[in-house]
Visitor: 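Got a structure for you, questions after.
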Amino acid sequence: MSTSDANKSNDKNEVASEENSTRSLHFIEQIIENDAKTGKFGNRVHTRFPPEPNGYLHIGHAKSIILNSGMAQQYGGLFNLRFDDTNPSKEDVEYVESIKEDVKWLGADWGDRLFFASDYFEQMYEYAVQLIKKGKAYVCDLSSDEIRATRGTPTEPGTPSPWRDRSVEENLDLFQRMRDGEFPDGSKTLRAKIDMASPNFNMRDPVMYRIIHTPHHRQGNKWNIYPMYDWAHGLEDSIEGITHSICTLEFEHHRPLYDWFLDELGVYHPQQIEFARLNLTYTVMSKRKLLALVTGKYVDGWDDPRMPTICGLRRRGYTPEALRLFCKVIGVAKFNSTIDATVLENAVREDLNKKALRRMAVLDPIKLVIDNYPEEQKETLVAINNPENEDDGTREVPFSKVLYIERGDFMEDAPKKYFRLTPGKEVRLRYAYYVTCKNCVKDAEGNVVEVHCEYDPATRGGQSPDGRKVQGTIHWVDAEAAVDAEVRLYDRLFNVPNPDDPQNPGEYTDHLNPDSLKIVSNAKLEPSLANATLDERFQFERVGYFTLDKTSAPDALVFNRTVSLRDSWSKLAQK
RNA sequence: UACCCGAUGGUGUAAUGGCAGCACAAGGGAUUUUGGUUCCCUUUGUCGAGGUUCGAGUCCUCGUCGGGUAGCCA
């Protein structure tokens, strides 16, 4: 070992012990660190994310991606992206690119290790031949119905296939002919010869290969047989030298089979580890249901900002950092839990609070007229871009006699604790002046259309020389300089915490939140927002976090609300 | 019904036989040119019954409850 190698492994140990002392480890970290101590995998850590290219990734996948790539990064190991494309009748290239984009966006780095299970088909075939020669696999002529009927039940063992004891020669011949395409779909399978009486169904002579005469998106018509997940997955892990093969809980009782195949073959044997998949309140996570939301036009496509898909969250304005923070907070365990949607919202607030540029935008505008402000006067005022980060600097915002403010920032008859505009009350216009509310103008129906006030010229910038305080500060935009925009306000997709709960009457689609999207078509924004770009994140002060939508155009701006600001006033107001 | 896995405040998650801790939520207070942020304080927990032990959230037994499993899906 060279000195630099020695240093490297020392560093690794130090990192591990430092982690140990500074925070607690989740059970997978404990397994990895223990393996490092015993030298089980020669101190290597190599993980993978193995999606099937048959749908879009969602936040549940993000948990897995962040876990797998995070373990590799944390322990100086490697991470592979591998498409588990073993079933051509369900898969499509269309999904490959979107999955790559999502994984990359999350910050998981697979380097040059982008793999496809289908590239291992020849090797898998050779392995299958080995098992046949060992007398551990056989070609079975039973139909799928017959296989099901002879598999037994939880209390009764299965009955052996009449084809179980074919000779090695016959099996070899038949298997080759299955590959050559001599037999129709479903007419034969290759099965492992294990134990029809096993309490674990997965061990009752599981199917290894089935006949499918469907062109594969990467292999074309080369193959007429395709490997089943249980047969293929361990081999893929083994071929790639994966150390810790992390998957979700439902594969737990597949592990004996995973182990059996690798042991019978006598090949390199990674360790499968199962963790609990993510469940989130007020949404659904199954591919089938997400697809149904799209095809049923309940949402505007896979990347609708209300969807829990990674592309949806991205369009909504979530950041990879927010999702990583979220995953850190929820932890990793084997307990099936449901995470409250507010935890996700908090994670994105925490991230965006640090990095979002502050801007002023009025979503529900009414005019504010400053009666004692000179008619033709215009000025610019200096506003701070981000109080959380001085490096973001300042900007200038135009100001004049007529402004827009939020309708909700004026009340004609206000409760005592209302700190905003009401006749006789003085408030601060953020970064501008103190103004005192005088009165309002109403239309024929009694709706307030204009609020009138008087300003104190000595309070320019928003502070008074005499030191008097105001209770409230409200945001505003100059009426003449404002730019128009459409703003889309998103809320939870469902109005029940668990749309999947069988306790709920009806279909899960019956519980869609009718107010999950509110479109504000006449928002007034400060002029600098006209130059916003898709990668920027904004906080509209006192309102929430926003980002430009992909459908936005220079003459028709569209912003998405990522998440509202915490609002302790609404709690107070309810009392 | 059989097998596998799990169970710690309202929700998540630590404590690896030795003071039940952290985060979020909730409640209270301070600061504040965002009713935001930040800071401080408070309330709330080991599924049940036995056993082992000086000592059990942790180990054992039995129960209860929850999840998963009977695709030629992954």
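So you know, we letter chains A, B, ... as the sequences are listed, proteins then strands, and number each from 1. Atom set for the values below is all heavy atoms of this structure, side chains included, hydrogens, waters and symmetry mates excluded.
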Visitor: Can a donor-acceptor pair under 3.5 Å be found between the side-chain atoms of Glu252(A) and the base atoms of U69(B)?
Guide: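 Side chain to base: no pair below 3.5 Å.
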Visitor: Is the distance from OP1 or OP2 of A7(B) to the nearest side-chain N or O of Lys334(A) less than 4.0 Å?
Guide: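 It does not, given that no N or O in the side chain of Lys334(A) lies less than 4.0 Å from OP1 or OP2 of A7(B).
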Visitor: Any salt bridge between Arg460(A) and Glu379(A), counting N to O under 4.0 Å?
Guide: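 Answer for the salt bridge query: yes.
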Visitor: Return no unless some side-chain N or O of Ser198(A) is found under 4.0 Å from OP1 or OP2 of C3(B).
Guide: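 Answer no for this pair, as no side-chain N or O of Ser198(A) is under 4.0 Å from OP1 or OP2.
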Visitor: Establish, with yes or no, whether the OP1 or OP2 oxygen of G68(B) is under 4.0 angstrom from a side-chain nitrogen or oxygen of Arg255(A).
Guide: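 It does not, given that no N or O in the side chain of Arg255(A) lies less than 4.0 Å from OP1 or OP2 of G68(B).
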Visitor: How does RNA chain B read in dot-bracket, base by base from 5' to 3', with Watson-Crick or G-U pairs under 3.5 Å and | used when the partner is on another strand?
Guide: .((((((..((((....[..)))).(((((.......)))))....(((((..]....))))))))))).....
Visitor: Is Ser24(A) near enough to C22(B) that one of its side-chain N or O atoms lies under 4.0 angstrom from OP1 or OP2?
Guide: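 Result: no.
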Visitor: Show the distances under 3.5 angstrom between N or O atoms of the protein and N or O atoms of nucleotides 72-74 of chain B.
Guide:
unit_1	atom_1	unit_2	atom_2	d
C72(B)	OP1	Arg151(A)	NH2	3.2
C72(B)	OP2	Arg151(A)	NH1	3.2
C72(B)	OP2	Arg151(A)	NH2	3.4
C72(B)	N3	Gly186(A)	O	3.3
C72(B)	N4	Leu142(A)	O	2.6
C72(B)	N4	Ser144(A)	N	3.1
C72(B)	N4	Gly186(A)	O	2.9
C73(B)	OP2	Arg210(A)	NE	3.1
C73(B)	OP2	Arg210(A)	NH2	3.0
C73(B)	O3'	Arg210(A)	NH2	3.1
A74(B)	OP1	Thr86(A)	OG1	2.9
A74(B)	OP1	Arg210(A)	NH1	3.3
A74(B)	OP1	Arg210(A)	NH2	2.8
A74(B)	OP2	Tyr229(A)	N	3.0
A74(B)	O3'	Asp84(A)	OD2	2.7
A74(B)	N6	His254(A)	NE2	3.4

Visitor: For the base of U37(B), is there a side-chain donor-acceptor partner from Arg566(A) under 3.5 Å away?
Guide: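 Checked by distance alone, the answer is no.
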Visitor: Write down the distance between CG (Asn498(A)) and C1' (G67(B)), rounded to a whole number of angstrom.
Guide: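 Result: 13 Å.
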Visitor: If you look at every strand shown and take non-hydrogen atoms under 4.0 Å, does Ile330(A) touch a base, only sugar-phosphate, or nothing?
Guide: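 Sugar-phosphate: the residue Ile330(A), judged by heavy atoms under 4.0 Å, touches backbone atoms but no base.
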Visitor: Under 3.5 Å, is there any donor-acceptor pair linking the side chain of Glu274(A) to the base of G68(B)?
Guide: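 Under the 3.5 Å cut-off, the side chain and the base do not form any donor-acceptor pair.
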Visitor: Does G36(B) have OP1 or OP2 under 4.0 Å away from a side-chain N or O of Asn353(A)?
Guide: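 The answer is no; no side-chain N or O of Asn353(A) sits under 4.0 Å from OP1 or OP2.
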Visitor: May I ask you to verify whether the side chain of Arg349(A) and the base of G36(B) hold a donor-acceptor pair under 3.5 Å?
Guide: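 When only heavy-atom distances are counted, Arg349(A) does not reach the base of G36(B) through any donor-acceptor pair under 3.5 Å.
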Visitor: Among the candidates C5(B), G6(B), G12(B), find the nucleotide nearest to the side-chain atoms of Phe335(A).
Guide: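 Out of C5(B), G6(B), G12(B), the nucleotide with an atom closest to Phe335(A)'s side chain is G6(B).
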